[in-house]
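Below is one structure, written out as structure tokens; comments come after it.
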Amino acid sequence: MAMKVRTRFAPSPTGFLHIGGARTALYNWLYARHHGGSFVLRVEDTDAERSTAESMEVILDGLRWLGLEWDEGPGVGGDFGPYNQSERVSIYDAYLEKLEAGGHVYEDEGAVRFRVPDKTFTVQDQICGEVSTNLKEQGSTRYDADAKKEVPANPDIVIKRPNGGYIFHFVNVVDDIEMGITHVIRGEDHLSNTPKHLALYEALGVAPPVFAHIPLNLNPNGTKMSKRDQGALIHEYQNDGFIADAVNNYMALLGWSGKDDQEIFTLEQLKERFELDGVNKSNSKFDYVKCCWVNGEHLKSLSPEELSSHATPFLKAAGIPVEDPRVAAALELARERAQLLSEIPGVIATIFATEVSYDAESVEKVVSREGMKEILTALTEGMNSVENWKEADIKSGIADAATGIGAKMGALMFPCRVASMGSTSGADLVPVLELLGKEETVKRLETFTAKYL
RNA sequence: GACCCGUUCGUCUAGUGGUUAGGACACCGCCCUUUCACGGCGGUAACACGGGUUCGAGUCCCGUACGGGUCGCCA
């Protein structure tokens, strides 16, 4: 009989939701969902001085935004609660008694230490393979401020502070036991801690869960990512114009591969494909450019409705009247050239503006050319004579105007773009003109001519 | 410092003893096109180094170098 999979994400509410933590949450979520198991969220707030409610909210919001909903934990309850370690003290007391009964602990200057046995513990890691360690032989060191160097220290681990607060290693193991966690998927920074946890499991007489230590994400320069680094904080992705699935997709790719050429996945597809054997062993460097590309790919596959709902906050922030019926069509023009939602207003805002703001460089390119006045005049007349203001007719209107003055169509498109939209770059021009309407287009051509020619 | 983990194009990766070492991002070129972009096609670019084992090694073993991690009364 296969045991039901139970994974957990156990953040400490002492800061923001970091991309490393989010990826750990994602892998746990994916593994649980892939195997039809449960994903538990546990708050490791044993460090009362550093834990804050604000931090917890940021972390929960981040997980919600990513769509990594938890089956048990804060806000949803569950059969193994409470899910905040600060509320589980009586449970830890009971487990401490077990250790005391077994003679595994002793007091040291008010703290309680767990006696590390002199034996080799072997982690059967799903990703790193077999890793063996003898904690006693390996020893422990601490930094001596006076001597200004590392000095040998007691390898027995403190599990309870003199002030009564319990320590990570102990509560982490106790809760994983109590909550029935079957698979511990966490960052590789915990690999060296795992023998300690194994010693605790043994002293408690409980079989340890399956361990899988995932490689770390580093900066482009190979150092540890910090809050200041681009792409480090989850809540910034939302503001920067990423959609959650794209962020999940990119995080999954950083350290996991589906073993084929597919790189773009929805969360649902990741859930179907994700397995631990696709996780690789080496650390990776975060690449913001590729993350943007992944987002762009997701943008392309959004339905018009989804695109609209994702883009609306950004449109509003840019002052674009979202109730304008032309917005939907404009979004379709914008999605092809934007990787981030935040880039969309820049592409289409001018369509809805009452006044065009002209890009100096673009204007210069137009004004410096020969015969521009003639071209603009022909263009304006051409546009004026278009009767059925639809893409095809607008296009032939421009073509006819070009023929009329013996020029190529291309020679008119460029000034037409700058005159109507103010810049040499932007969305596909003819559809833009259609959205602008005949009257507005003509008006803009005339305004430009009067102003610069 | 001790111990642990890792090392394929600049980056993310595929590769599990015999491959022209594949894909993606980025970059460059060409095409398409009304500009930019998109798209299409093509190109530059990698097995850290040294020893083994083997008929044969990116793939297995050892060492070195480099990177990362752990060694807290943080988690």
Side-chain angles (χ1 to χ4, degrees), chain A residues 10-15 21 44-47 49-51 85 108-113 123 125 127-129 131-135 137-143 149-153 155 157-163 165-169 171-172 186-196 213 215-216 218 220 222-224 250 253-264 278 280-294 296-297 300 335-339 347 362 365 395 398-399 402 408-418 423-430:
Chain A
S12 175
T14 55
E44 305 222 329
D45 55 353
T46 54
D47 186 345
E49 300 191 354
R50 296 199 305 148
S51 299
Q85 291 187 329
D108 179 22
E109 295 179 358
V112 177
R113 280 188 190 268
V123 186
D125 194 273
I127 294 164
C128 306
V131 181
S132 299
T133 315
N134 183 318
L135 294 166
E137 283 176 6
Q138 180 182 310
S140 177
T141 59
R142 65 178 171 80
Y143 185 76
K149 63 171 185 180
E150 294 286 322
V151 297
I157 56 185
V158 171
I159 60 174
K160 189 178 187 183
R161 303 181 179 94
N163 71 6
Y166 285 100
I167 299 292
F168 164 73
H169 296 107
V171 294
N172 188 269
R186 56 175 23 166
E188 201 194 84
D189 47 344
H190 285 301
L191 183 57
S192 299
N193 285 149
T194 308
K196 294 173 191 168
H213 289 90
L216 272 20
L218 307 173
T223 58
K224 209 170 180 175
Y250 183 68
L253 250 29
L254 232 37
W256 171 85
S257 160
K259 308 282 187 192
D260 60 18
D261 291 342
Q262 184 175 350
E263 295 207 283
I264 301 301
N280 60 274
K281 306 177 199 306
S282 53
N283 294 348
S284 53
K285 292 172 186 166
F286 185 83
D287 183 351
Y288 194 76
V289 173
K290 183 149 187 177
C291 188
C292 291
W293 173 78
V294 169
E297 293 301 300
K300 284 175 192 162
R335 88 201 292 181
E336 290 179 14
R337 40 198 321 126
Q339 290 190 322
V347 178
S362 301
K365 279 183 191 166
K395 195 162 187 171
I398 297 173
K408 286 193 168 186
M409 188 173 167
L412 302 211
M413 291 303 292
F414 181 67
C416 185
R417 168 180 289 285
V418 175
S423 170
T424 52
S425 68
D428 208 8
L429 185 58
V430 177

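This one's a predicted model, so the numbers in the text were calculated from it and none came from an experiment.
Rounded to whole Å, the C1' atom of B:C9 lies 13 Å from the corresponding atom of B:G43. A gap of 40 Å separates the C1' atoms of B:C31 and B:U7, to the nearest Å. For the P atoms, the distance linking B:U44 with B:C61 amounts to 33 Å, nearest Å. Taking the C1' atom of each, B:U13 and B:A45 are spaced 15 Å apart, rounded to whole Å. Between B:C74 and B:C66, the distance separating the two P atoms is 34 Å to the nearest Å. Separation of the C1' atoms belonging to B:U11 and B:A26 is 8 Å when rounded to the nearest angstrom. Separation of the C1' atoms belonging to B:C12 and B:U53 is 33 Å when rounded to the nearest angstrom. For B:C27 and B:G63, the P atoms lie 42 Å apart once the distance is rounded to whole Å.
Along RNA chain B, the nucleotide closest to A:T424 and the one closest to A:T133 are compared, and the more 5′ of them pairs with A:T133. Summary of the strand contacts: A:V289 and A:M413 both lie near RNA chain B, and taking for each the nucleotide with the nearest heavy atom, the more 5' one is attributed to A:V289.
Rounding to whole angstrom units, CZ of residue A:F414 and P of B:U33 are separated by 19 Å. Rounded to an integer number of Å, the gap from A:K300 NZ to B:A37 P is 13 Å. The distance from atom CG of A:D428 to atom P of B:U33 is 14 Å, rounded to the nearest whole Å. Look at CG on A:N134: it is 11 Å from P on B:C4, rounded to the nearest Å. If you take CD1 of A:I398 and P of B:U34, they are 11 Å apart, rounded to a whole angstrom. The NE2-C1' distance, from A:H213 to B:G68, rounds to 15 Å in whole Å. Rounding to whole angstrom units, CD of residue A:Q262 and C1' of B:C25 are separated by 16 Å. Taking atom CG on A:L191 and atom P on B:G69, their separation rounds to 13 Å, with Å as the unit.
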Protein-nucleotides 6-16 of chain B N/O pairs closer than 3.5 Å?
| from | atom 1 | to | atom 2 | distance (Å) |
| --- | --- | --- | --- | --- |
| B:C12 | OP1 | A:K285 | N | 2.9 |
| B:C12 | O2' | A:L253 | O | 3.2 |
| B:U13 | OP1 | A:G255 | N | 2.7 |
| B:U13 | OP1 | A:N280 | OD1 | 3.3 |

Please write out the pairs of protein N or O atoms and N or O atoms of nucleotides 71-75 of chain B separated by less than 3.5 Å, giving the distance to one decimal.
| from | atom 1 | to | atom 2 | distance (Å) |
| --- | --- | --- | --- | --- |
| B:C71 | O3' | A:S140 | OG | 3.1 |
| B:C71 | O2' | A:S140 | OG | 3.1 |
| B:C71 | O2' | A:T141 | N | 3.0 |
| B:C71 | O2 | A:T141 | OG1 | 3.3 |
| B:G72 | OP1 | A:T141 | O | 2.5 |
| B:G72 | OP2 | A:S140 | OG | 2.2 |
| B:G72 | OP2 | A:T141 | O | 3.0 |
| B:C74 | OP2 | A:R161 | NE | 2.1 |
| B:C74 | OP2 | A:R161 | NH2 | 2.7 |
| B:C74 | O3' | A:R161 | NH2 | 3.3 |
| B:C74 | O2' | A:D47 | OD2 | 3.2 |
| B:C74 | O2' | A:R50 | NH2 | 2.5 |
| B:A75 | OP1 | A:T46 | OG1 | 2.6 |
| B:A75 | OP1 | A:R161 | NH2 | 2.9 |
| B:A75 | OP2 | A:F168 | N | 3.1 |
| B:A75 | O3' | A:E44 | OE1 | 2.9 |
| B:A75 | N6 | A:N193 | OD1 | 3.4 |

Using atom names, set out every protein N or O paired with an N or O of nucleotides 40-45 of chain B below 3.5 Å, distance rounded to 0.1 Å.
none

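As the counterpart of B:U16, no nucleotide is assigned, since no Watson-Crick or G-U wobble pattern has both distances under 3.5 Å. For B:C47, there is no paired base (Watson-Crick or G-U wobble, both distances below 3.5 Å). The nucleotide B:G6 finds its pairing partner in B:C66, both defining distances of the Watson-Crick or G-U wobble pair being shorter than 3.5 Å. Pairing for B:G58 is absent, with no Watson-Crick or G-U wobble pair whose two atom distances lie under 3.5 Å. Base pairing analysis places B:U11 opposite B:A24; the two distances defining the Watson-Crick or G-U wobble pair are each below 3.5 Å. Under the Watson-Crick or G-U wobble criterion, with both distances below 3.5 Å, B:C41 is paired with B:G29. The nucleotide B:U35 finds no pairing partner, because no Watson-Crick or G-U wobble arrangement with both distances shorter than 3.5 Å includes it. Summarising the base pairing, B:C71 is matched to B:G1 through a Watson-Crick or G-U wobble pair whose two defining distances lie under 3.5 Å.
Using modelled atom types, one finds no donor on one side chain facing an acceptor on the other under 3.5 Å when comparing A:T46 with A:R161.
Proximity of the aromatic rings of A:Y250 and A:F286 is defined here by a centroid distance below 6.0 angstrom, and this criterion is met.
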Verify side chain to side chain contact (heavy atoms under 4.5 Å, CB included) between A:W293 and A:I264, making sure each step is shown before the conclusion.
-> CA-CA 10 Å; A:W293 173 78; A:I264 301 301; 3.9 Å; yes
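Looking at residues two or more places apart in sequence or on another chain, you find no side-chain hydrogen bond (donor to acceptor under 3.5 Å, both in side chains) involving A:D428. For A:K290, the side-chain hydrogen bond (donor to acceptor under 3.5 Å, both in side chains) partners are A:E263, not counting sequence neighbours. A search for side-chain hydrogen bond (donor to acceptor under 3.5 Å, both in side chains) contacts involving A:E44 returns A:R42, A:Q85, A:N172, not counting sequence neighbours.
Residue-level contact check: A:K408 touches neither bases nor backbone, having no heavy atom under 4.0 Å from any strand.
Contact annotation: A:K365 does not reach the phosphate of B:U35 (side-chain N/O to OP1 or OP2, under 4.0 Å).
Here the closest non-hydrogen pair linking A:H213 and A:D125 is ND1-OD2, 2.6 Å.
A:K300 contributes no side-chain N or O that, together with a main-chain N or O of A:R335, makes up a donor-acceptor pair within less than 3.5 Å. Between the side chain of A:S362 and the backbone N or O of A:T424 there is at least one donor-acceptor pair closer than 3.5 Å.
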